[in-house]
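Comments concern the structure below.
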Amino acid sequence: MKSKLVFATGNLGKLNEVKELFADKNVQILSIHDFDGIPEIIENGETFSENAFIKADTIFEITGLPTIADDSGLVVFQLNGEPGIYSARYAGENCTYEDNNRKIIAALSNFDKPHLAKFVSCAVYVDKLHRIECIGELEGELISEFRGSNGFGYDPIFVPSGSNKTLAEVSLLEKNKESHRAKAFNKLKLELTKKEIL
Ligand code: IMP
């Protein structure tokens, strides 16, 4: 029988990526959509790591099932690291991905190219006995127009180093070969395998 792992996210973009990354493991990935009455989680940590553990601890407490979470975001060097941990709500509460992308493009219009940036993902695992954390990063450049319709978030304006396509112009499988989230969760999978948890 497959074991169950809850991914503490409601973000379908992240969920699809992580389900694919764990496809070779005998594990069923659930998300908060599989449970009723999950409260809104207040991500009031000061780092990706703190926020990832806030999500995982909350969902582990509610479900009692081993839980993974990821806190991730875009770090833009010319913007002193913004939006960082505030990536989801950069253009304000309830903003769309498009609002966020437009705000970044506007903020960068005062700076010379290239607009260097990186995505960061902190992936964590929590159960009664373990607390594990792994980081993954993806470096690249931001462009000033939207290209592609795959993925989510800042994907349409982010071109990884060494590529000429945005992350929204590649397939999920392609993105999962090199993305910050793929790196973080592949490291986490390795740790879970080494510790015989998965
Ligand atoms: P979180 O759900 O609090 O981790 O917020 C992550 C936010 O960072 C997302 O809403 C996106 O705006 C951005 N982000 C994180 N990972 C990605 C990615 O793989 N592609 C595009 N945007 C991302």
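Remember, it's 1-based here, ligands and their atoms both numbered in the order they're listed. Here the structure is a predicted model, which is why all the values come from computation and not from measurement.
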- How far apart are the C-alpha atoms of Lys175 and Asp155, what are their side-chain angles, what is the distance that settles it, and do they pass the salt bridge (Lys or Arg N to Asp or Glu O under 4.0 Å) test? CA-CA 10 Å; Lys175 182 177 173 188; Asp155 285 347; 2.9 Å; yes
[X]: numbered ligand 1 atoms lying under 4.0 Å from its heavy atoms:
{"X": "Lys14", "answer": "1 (P), 2 (O), 4 (O)"}
{"X": "Lys55", "answer": "1 (P), 2 (O), 3 (O), 4 (O)"}
{"X": "Gly153", "answer": "21 (C), 22 (N)"}
{"X": "Glu43", "answer": "3 (O)"}

- Query: Is the distance between the ring centroids of Phe53 and Tyr125 under 6.0 Å?
  - Reply: no
- NZ/NE/NH1/NH2 to OD/OE distance under 4.0 Å, Glu145 and Arg147: yes
- Query: Does Arg102 pair with Glu98 as a salt bridge, N-O distance under 4.0 Å?
  - Reply: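 Glu98 and Arg102: salt-bridged.
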- Per atom 11 (C) of ligand 1, closest listed option by heavy atom (Tyr90, Phe158, Tyr154):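 Answer by nearest heavy atom: Tyr154.
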- Query: Relative to atom 3 (O) of ligand 1, which among Leu138, Asn11, Thr9, Asp71 owns the nearest non-hydrogen atom?
  - Reply: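 Of the listed residues, Asp71 has the closest heavy atom.
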- Item | atom 15 (C) of ligand 1 - nearest protein heavy atom and its distance | Ser72 OG, 3.2 Å
Can I get a per-line list of side-chain donor-acceptor pairs under 3.5 Å for residues 105-119, giving both atom names and the distance, sequence neighbours left out?
from	atom 1	to	atom 2	distance (Å)
Ser109	OG	Ala106	O	2.7
His115	ND1	Gln78	OE1	2.7
His115	ND1	Asp112	O	3.3
Lys118	NZ	Glu137	OE1	3.3
Lys118	NZ	Glu137	OE2	3.3

- Side chains of Ser49 and Glu133: is there a donor and an acceptor less than 3.5 Å apart? yes
- Message: So, regarding Lys175 and ligand 1 (criterion: nitrogen or oxygen to nitrogen or oxygen, under 3.5 Å), is there a contact or not?
- Response: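 In this structure, Lys175 places an N or O atom under 3.5 Å from an N or O of ligand 1.
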- Message: Does ligand 1 come near enough to Asn100 that some N or O of the ligand is less than 3.5 Å from an N or O of the residue?
- Response: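 So ligand 1 has no N or O lying under 3.5 Å from an N or O of Asn100.
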